[in-house]
Each structure stands twice: as C-alpha cells, then as structure tokens.
Amino acid sequence: MLGSAAGLTALSVAPGARGASGAAQTASATPTVMTRNVYLGIDLFRLFRAESRAAFRRIVGELLAEVDPAVYEARADAIAGEIAAAGADVVALQEVVLLRTQRPGDFGSEGSERASDVLVDFLSLLESALADRDLDYEVAGVATTTDVELPADTEDGQVDVRLTDRDVLLVRGDLETEDVETGSFEAALPIPVPDSDRTLALERGYCTAAVTVDGVGFTAVATHLESVSPMARQQQARELLGMLPESRPVVVAGDFNSGPGSETTTYDLLTGELRDAYAVRGTDGDGFTCCQAGSLRNDTSRLTTRIDALLYRGEVRPTAVNRVGHRPEDRVEVEVDGETVRLWPSDHAGVVGTFEVAETTPTPTPTPTPAPTATGEPTPTPTATPTGTPTPTRTPPPTPTPTATEATDGFGPGMGVVAALVGISAGVAARLRRD
C-alpha cells in the first residue's frame, strides 16, 4: 500500500512541477496498448489424423483448398475495427501469418526452391483495413520466426505450402519511435530432420521500441512465447526479462501461453518482476482469452484461459483494461461456398489497456561550497556517480536446452500446432519412408 501511495503521488505531480532543491520534474501521458493474437486461420489439428506420409500430404491439400482469402480479409477488417474503437497507440500482434504456395511443388527434390507466391498476407490485409478507416499506423518492427514449408497433394498435383509466423509492433503514425529491435529468442524447439544430422529450430520472437507519447517515453514490447514446450517457454521468459530496460517505463504485450486457467509457471516467473494490468484493473470476470475452435465457427465461446496479457514495470499505472473480440456479437459474417457463416475474428480475444506513464527527470542539486578546514583548505567533496550511467544488462540464469522429446503440456491452436505438425511430419517421414 505504501508503494502504491508513493507511485500515485509521483503520478499526480503536474508536468514540469518542481519542488525543493533536488526534487524531480515529472511529465505524464496516457497511452493505450493492445495485444492481439490474430491466428493463422487453419485447423491444423486435422493433421493428427494422418497415419502415413500420403495421408499427411492429402490433408495438407484439403486444408489448402479451404483457405479463402476473403475470410482472412473479413477477419482483418474486424480486428482493424477493434483497433479503431480502442484508439490504440501501440498494437502488438502475434501469428501474423504469411501464407505462400508453389505450383507445381518441388518439396524434397534436389535444388528445390522455397514457395513464394503470396496467397494470404495478414499484415497487408490489416494495413489496408486500417487505411480504409483513415487510420495511420506504422509498422515499427517485424520479427519473422518460424518459417515452415509442407508438401500438399491436390487435384492439380503437388503444391508446396509455406507458413511464415511473424510478431509485429504497430505504432500510431504521429508518434515518435526509435531504438527498434527485433529478433528471436535463443531458446528454440529443435525438431530432428529424418535421415540427417540436421535439426529444424522452431523459434519465437519479439519486437521492442522506445515510443514517445505527449513527450513521455516508454518501451513497448510485442512477444509470443512457446506453446508446446514449457522448458523453452520459461527460458524465453528469462531472456525477455533480461533484455528489458531498468531505467524507463515498460509495457510488455503478448501471448505468453501461460496464465490463469492454464499452467502458470512462466506467468509466475514474469509477474515476479512485472505486474499484470488485467489482474490490477480488469473488471470483466476471469478475462479469458483462449481459445475458440480452430474453424472459428463455434457459436458458444470456448475461452477458458487467460494467456494473453499486458505486463508492465516502472512509473506505470493501468487506468482501464478490457478484452476485445470475445463476445458473440463480435463475430463477422462471411460468404463461404455460397453460404453465409459467422466467424470469430481470431481464436484468441485481445486485451486493451490504458496506462498513466510518468517520466521523471531529476532536478540538479546545487553543489554546496565546501567549508574550510582548520588548515584553511576546503574539505574535499565526495565524487558522485555520474547521472545517466547505463544500468548493466542483467544476464538471465542459464537453463537446460529444451529437446523435442521433453514432456509438454499439450498443443493449442495456431503456431503451437505448426510445431506439432512439423514434428509429426518428421515422424511420419522417418517411420514410413518406404511408402
């Protein structure tokens, strides 16, 4: 309570206020931050039915036949509407899929090329939907993580299907953004490639940027942690905590694949150093965010876990936090094969929070004139540590490298299933190479 009172006192100081000698000048702003897992949009769970390589390729072909760019466009438009209604200054996006194909496919052949014909680019669709609303958002950073290609058998022959996962940080166009960093965590999930000594690393990523709102700066982070491997997820969380600045306010927005209603080991690790905005200011019951059916056609919501969150640290105070895209009326109507169907915008709900962020600048304290000593010489003034000395980056403690065979807590929709299907594909190829 004393800590909260002290924080509220600091936030209540008017911009430019100045107290006694050595007091601080404090400016404040109220940015709105949104996190949204937009979902890659394919029911990849069906791949678990494959009992052979031939069945696997056939199912991939069936999934490809069901990909309708118009559905992605409608979902992107709905999410753009959510961003507009929220008035978000910063938007963190996960599973921003780029789906490409190659016809005819040459998967597995010598000298094969990666699929490059764009079938769906969710980021481009979302940018267009925002522009249609006269909303100006800039892509501050894109972290490209898992990039996997699979063979599909179709009526027109073999087609290669390439799924690329991206984390994206959008920032309102009139805001200053600098010090952008994107990348992948060192902790990745290795999947053995059959009949070779190579492995395929399934990666997760992050985007960070220093954003200035009304003259006040804070660090915004978009991230997505591993869904399949608890060990990899915890190691990624440690990496994430180790890269956050100590000397400025921070808001971390993402899908952490850990939280109330699910396993909480990673969530507890993160909230040991960061605070959960929904836990502080959320008023919408349990606030569950995951997960709807892979087809997105379920009428009754299936959200049972809260794994999407806005976490914060420093001179930050959440003033309002709520969900978006979780109500039946948030579904969109789309024509599919001549039939009008209602779909959820994503298999996740989003989280939107408005924060009061303070930036405190110390006021220089005049150096007192040293009193003369008995010998007439001034008393030496102790040397002070220079203001603005960077805080050393904390190195996260080492953890064991996750393996493809470690026990997992199950697969969720989305890119977690991509990890699963790559493993299945490898297993099928290894066991049934004679097919």
Side-chain angles (χ1 to χ4, degrees), residues 33-40 90-100 114 121-124 126 138-149 162-171 177 179-191 199-211 219-245 250-258 266-267 269-270 274 290 307-311 346 348 350-351 393 396 399 401-402 412-420 422:
V33 181
M34 178 177 180
T35 185
R36 199 70 169 93
N37 183 320
V38 300
Y39 179 46
L40 59 87
V90 177
V91 184
L93 303 171
Q94 305 87 40
E95 293 193 23
V96 188
V97 68
L98 174 58
L99 184 61
R100 289 169 282 189
R114 303 301 303 276
D121 183 345
F122 201 97
L123 179 56
S124 179
L126 182 58
E138 298 290 337
V139 177
V142 177
T144 299
T145 55
T146 297
D147 188 354
V148 61
E149 189 162 329
R162 183 178 175 188
L163 278 166
T164 303
D165 184 23
R166 299 172 294 182
D167 300 319
V168 176
L169 191 64
L170 297 180
V171 179
T177 304
D179 299 333
V180 176
E181 294 185 13
T182 64
S184 298
F185 296 110
E186 291 184 11
L189 187 65
I191 301 294
T199 59
L200 172 66
L202 297 172
E203 299 179 337
R204 298 290 183 170
Y206 58 86
C207 302
T208 73
V211 181
T219 295
V221 182
T223 193
H224 190 186
L225 303 188
E226 177 56 49
S227 64
V228 177
S229 165
M231 185 183 296
R233 181 164 57 245
Q234 292 162 35
Q235 190 169 341
Q236 290 165 1
R238 291 186 177 93
E239 289 184 52
L240 176 65
L241 291 172
M243 72 176 64
L244 299 180
V250 177
V251 178
V252 183
D255 174 358
F256 302 101
N257 277 304
S258 176
T266 301
Y267 175 80
L269 175 64
L270 290 168
L274 307 171
C290 186
I307 62 176
D308 304 84
L310 301 172
L311 309 180
S346 170
H348 286 238
V351 183
T393 302
T399 56
T401 301
M415 291 307 294
V417 186
V418 172
V422 174

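These values consider heavy atoms only, across backbone and side chains, with no hydrogens, waters or symmetry-generated copies. Computed from a predicted model, the values in this text were never measured in an experiment.
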In Å and rounded to the nearest 0.5 Å, what is the [atom1] to [atom2] distance from [X] to [Y]?
X: Gln235; Y: Glu186; atom1: CD; atom2: CD; value: 8.0 Å
X: Gln234; Y: Leu270; atom1: CD; atom2: CG; value: 10.0 Å
X: Leu163; Y: Leu99; atom1: CG; atom2: CG; value: 5.5 Å
X: His224; Y: Thr145; atom1: NE2; atom2: OG1; value: 8.5 Å
X: Leu225; Y: Gln94; atom1: CG; atom2: CD; value: 9.5 Å
X: Arg238; Y: Leu269; atom1: CZ; atom2: CG; value: 5.5 Å

State, yes or no, whether a side-chain contact exists between [X] and [Y] at a heavy-atom distance under 4.5 Å.
X: Tyr267; Y: Ile307; answer: no
X: Tyr206; Y: Glu239; answer: no
X: Leu170; Y: Val139; answer: yes
X: Leu241; Y: Leu274; answer: yes
X: Arg114; Y: Asp147; answer: yes
X: Arg166; Y: Leu123; answer: yes
X: Leu126; Y: Leu93; answer: yes
X: Asn257; Y: Thr266; answer: no

Of all the heavy-atom pairs spanning [X] and [Y], show the shortest one and how long it is.
X: Ala92; Y: Ala222; answer: CB-CB, 3.4 Å
X: Val96; Y: Asp165; answer: N-OD1, 4.1 Å
X: Gly205; Y: Thr223; answer: O-OG1, 3.0 Å
X: Glu95; Y: Leu40; answer: OE1-N, 3.2 Å
X: Val228; Y: Arg233; answer: N-NH1, 4.3 Å
X: Asp167; Y: Cys207; answer: O-SG, 3.4 Å

Counting distance only, does the side-chain N/O of Ser346 pair as donor-acceptor with the main-chain N or O of Asn37 below 3.5 Å?
yes
Between Thr219 (side chain only) and Ala210 (backbone N and O only), is there a donor and an acceptor less than 3.5 Å apart?
no
Consider side-chain contact (heavy atoms from CB on, under 4.5 Å). Of Leu310, Val91, Val90, which one does Thr35 pass it with?
Leu310
Between Arg204 and Asp255, does any side-chain N to carboxylate O distance fall below 4.0 Å?
no
